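Because the structure is predicted, anything quoted here is derived from the model rather than measured.
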Amino acid sequence: MEGYQKYQRGYFMPPEECLAWSKKEYVEQAPIWCSVDLRDGNQSLMVPMSLEEKLRFFQLLVDIGFKEIEVGFPAASETEYTFLRTLIEQHLIPDDVSIQVLTQAREHIIRKTFEALKGCKNAIVHVYNSTSKAQREQVFKKSKEEIKQIAVDGARLLQQLSEECGANYTFEYSPESFTATEVEFALEVCNAVIDVWKPRVDHKCIINLPVTVELSMPHVYASQIEYMCKHLKHRDAIIVSLHPHNDRGCGVADSELGLLAGADRIEGTLFGNGERTGNVDIITLAMNLYAMGVDPKLNFHDMPHVVEVYEQNTRMQVSLRQPYAGKLVFAAFSGSHQDAIAKGMHIRETQNKSYWDVPYLPIDPKDVGREYETDVIRINSQSGKGGVNYVLEEHYGIILPSEMRESVSYFMKAVSDREHKELPATEIYRLFADEYMNVSAPIELVDYHFQRSDHLHAQLHVTYQGQAMELCGEGNGRLDAAANSLRTHLGRTFEIQDYSEHALSRGSSAKAVAYVKILDCTQKEQWGVGIHDDIIAASLQALCSALNRAIRQKEEETRYGNEHDTKNLS
């Protein structure tokens, strides 16, 4: 691809090796979470949220369990200012939640921000200025010392105004475009800010190191974070925060490796909404912890509700493949996947396992409010016998004999392929019932009687092609006697190959289901199913269903053959 020559690596490696993070296996505890949906996420929407929508979204974030929520840039617009004042004046901020506000390191903006915070109990005032080489040289045309002075002056003003209003706010500083800043210079600026604030263990400040634009592979960011964590002053009084964007599609990896490198806090959004390719997705990060057996300290047990509120208020759509939340992320269409999941679920139920290890499902879908019956095994033209059997068993209590599963599966796949669509459970059952179950034409069972002498004597009352008939026959058992009566009087040649039965495991426990496989006169296998309160009636209906399917198939083949011959003659 032409044009690559004009690009160069725009990041800066630390001046010393920082690879301790690489020796850690996983993130062992949840970070401090800060949602920036209402500021960073909102400012990237084509239609920013209204006041009412912001209030609904704020409540969602509180319900999920966020204890730090960035609510806006109150000096940027009247809507932002009004939203913050509404939260404060209507006492909508829980006592254990801190709201965060953003301000540039400019005096009039900082003063407007403090004005908007009047009456707020718990607040984080987040001040920033850009420190990157490109912005220093191209945008601000200032030296390193001048850029550092902007940060120091902003930090001093935050401290002054906080003291004047008697507030005990938490301060946060970001060297914007940290990933495009020389790491030693970013450290110098951050330590200068720390010298102003003089944080204590009992009153910490936040140093936020943003991936304003992703410029490197995640391991580079991890090394940068490790260097900062090793050299920041008063590290025990500092909360190191990350704010990754997703330009290279590595926001989650940046965050996880950054946490391994020593960071304490993550700023991100639900579903990664944010500028350009978005912010880091806090849901994915939190659920990745959950899937490793770590409490994420956020509650996503009702993921469909989170998706609904998010989509309603942002007018954005959650991808069908969005990790943990998309409608298809637990769906298995592939036959081999369906078979493995069905077997894994069966073993889990029968062995009462305390841990989750079902194939192809990294977490239990029920933990995020999804249902096995509708969200996991999905049937289309790619599905296999295990999937169809799973749907029929889970929804309707029909446990197909192992030899029958392939026949039913091919039938369902053919329908899906022909109609180019997925088959929901209700349609699978309807198709199964129409094709295999209690098939009543051309032979319909009306009544039956059995008498025992030397052999079992069967008397069947049926209609055949609409004509009432009484059929008699003898055999070693009820099904054998009934089969002999059908052979004798209807001139049908077939053999019973297999029979099984069971009580329905779903719905009415009084009903039984029977399965019969016959070998017809052309040596083709045909299955029939019968469901009835009486197991004898169910078995006879299954036999008639199998025979009716054989007759129907023979008629279709004869008709197709005649049509084919006619076309050839013409």
Side-chain angles (χ1 to χ4, degrees), residues 4 7-32 128-137 143-145 147-148 151 172-195 199 201 204-268 280 285 288-289 292 294:
Y4 69 90
Y7 297 104
Q8 60 181 357
R9 291 179 289 278
Y11 58 86
F12 299 89
M13 289 295 291
E16 63 189 56
E17 184 179 272
C18 294
L19 294 174
W21 59 267
S22 66
K23 297 177 175 61
K24 298 178 183 178
E25 185 178 348
Y26 65 97
V27 178
E28 296 181 357
Q29 65 181 15
I32 301 166
Y128 73 94
N129 68 304
S130 185
T131 58
S132 74
K133 184 175 185 294
Q135 294 214 43
R136 292 196 313 265
E137 295 175 354
S143 67
K144 286 183 175 179
E145 281 302 315
I147 292 294
K148 182 171 71 172
E172 176 176 353
Y173 172 71
S174 286
E176 190 196 8
S177 300
F178 166 76
T179 46
T181 302
E182 304 91 332
V183 185
E184 305 97 309
F185 178 58
L187 176 68
E188 181 182 339
V189 174
C190 290
N191 277 333
V193 169
I194 291 169
D195 285 340
V201 173
K204 297 182 179 184
C205 73
I206 300 168
I207 296 298
N208 187 54
L209 304 173
V211 184
T212 307
V213 178
E214 264 191 327
L215 300 172
S216 70
M217 294 174 68
H219 74 285
V220 172
Y221 184 57
S223 295
Q224 293 168 337
I225 298 303
E226 184 174 313
Y227 177 82
M228 296 293 287
C229 287
K230 285 166 63 176
H231 297 287
L232 283 170
K233 293 181 178 180
H234 308 294
R235 179 64 182 91
D236 60 346
I238 302 296
I239 297 170
V240 175
S241 177
L242 311 178
H243 183 112
H245 281 252
N246 201 43
D247 301 87
R248 289 170 52 95
C250 300
V252 169
D254 285 336
S255 300
E256 291 181 329
L257 296 191
L259 290 172
L260 290 180
D264 311 294
R265 181 176 183 265
I266 295 287
E267 293 186 349
V280 69
L285 283 173
N288 283 355
L289 287 172
M292 294 293 289
V294 177

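- Residues A180 and L215 come closest through the heavy atom pair CB-CD1, 3.5 Å.
- Within the model, atoms CZ of R9 and CE of M217 stand 11.5 Å from one another, a figure rounded to the nearest 0.5 Å.
- Partner of V280 under the side-chain contact (heavy atoms from CB on, under 4.5 Å) criterion, out of I266, N246, V211: I266 alone.
- Classified by interplanar angle (parallel below 30°, tilted 30° to 60°, perpendicular above 60°), the ring pair Y221/F178 is perpendicular.
- At a threshold of 4.5 Å between non-hydrogen side-chain atoms, the residues I194 and H234 count as touching.
- Looking at heavy atoms from C-beta onward, C229 lies in side-chain contact with V240 at the 4.5 angstrom threshold.
- L209 is listed as a side-chain neighbour of C190, based on a closest heavy-atom distance under 4.5 Å.
- Here I225 contributes atom CD1 and T179 contributes atom OG1; the two are 9.5 Å apart, rounded to the nearest 0.5 Å.
- Pairing each heavy atom of L257 with each of H219, the nearest pair is CD1-N, 3.8 Å.
- Counting heavy atoms from C-beta on, the side chains of N191 and L232 come closer than 4.5 Å.
- A donor-acceptor distance shorter than 3.5 angstrom exists from the side chain of N129 to the backbone of I147, with no hydrogens or angles considered.
- Counting heavy atoms from C-beta on, the side chains of S177 and T131 never come closer than 4.5 Å.
- Under the 4.5 Å side-chain criterion, counting only non-hydrogen atoms from C-beta, Y227 is in contact with L187.
- A distance-only check finds no donor-acceptor pair linking the side chain of E214 to the backbone of P244 [under 3.5 Å].
- Applying the salt bridge (Lys or Arg N to Asp or Glu O under 4.0 Å) test to R235 and every residue at least two apart in sequence or in another chain returns D264.
- The NZ atom of K204 sits 13.0 Å away from the CD1 atom of I207 when rounded to the nearest 0.5 Å.
- Rounded to the nearest 0.5 Å, atoms OG (S255) and NE2 (H243) are 10.0 Å apart.
- Heavy-atom minimum distance, C205 versus I238: SG-CD1, 3.4 Å.
- Listed by first then second residue, pairs satisfying salt bridge (charged side-chain N to carboxylate O under 4.0 Å, His left out) with a partner in residues 173-184 read R136-E182, not counting sequence neighbours.
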- For Y128 and N208, run side chain to side chain contact (heavy atoms under 4.5 Å, CB included): C-alpha distance rounded to whole Å, both residues' side-chain angles, the deciding distance at 0.1 Å, then the answer. CA-CA 9 Å; Y128 73 94; N208 187 54; over 6 Å; no
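- Applying the side chain to side chain donor-acceptor pair (under 3.5 Å) test to K24 and every residue at least two apart in sequence or in another chain returns nothing.
- In plain terms, the two heavy atoms of S223 and W21 that are nearest each other are OG-NE1, 3.4 Å.
- We find that K144 and E188 are not joined by a salt bridge, their nearest charged nitrogen and carboxylate oxygen being 4.0 Å or further apart.
- A distance of 11.0 Å separates CE in M228 from SG in C18, rounded to the nearest 0.5 Å.
- Counting heavy atoms from C-beta outward, E256 and L285 have side chains that approach closer than 4.5 Å.
- Considering every non-hydrogen atom in both L260 and V27, the closest pair reads CD2-N, 3.9 Å.
- Between Y26 and V294 the shortest side-chain heavy-atom distance falls below 4.5 Å.
- Taking both residues in full, the closest heavy atoms of P218 and D254 are given as CA-OD1, 3.1 Å, listed atom of the first, atom of the second, then distance.
- Within 6.0 Å of atom NZ in K133, 12 or fewer heavy atoms from other residues, nucleotides or ligands are found, so the atom counts as exposed in its surroundings.
- Without hydrogens or angle criteria, E267 side chain to S241 main chain gives no donor-acceptor distance under 3.5 Å.
- In this structure, CZ on F12 lies 10.0 Å from CD on Q224, to the nearest 0.5 angstrom.
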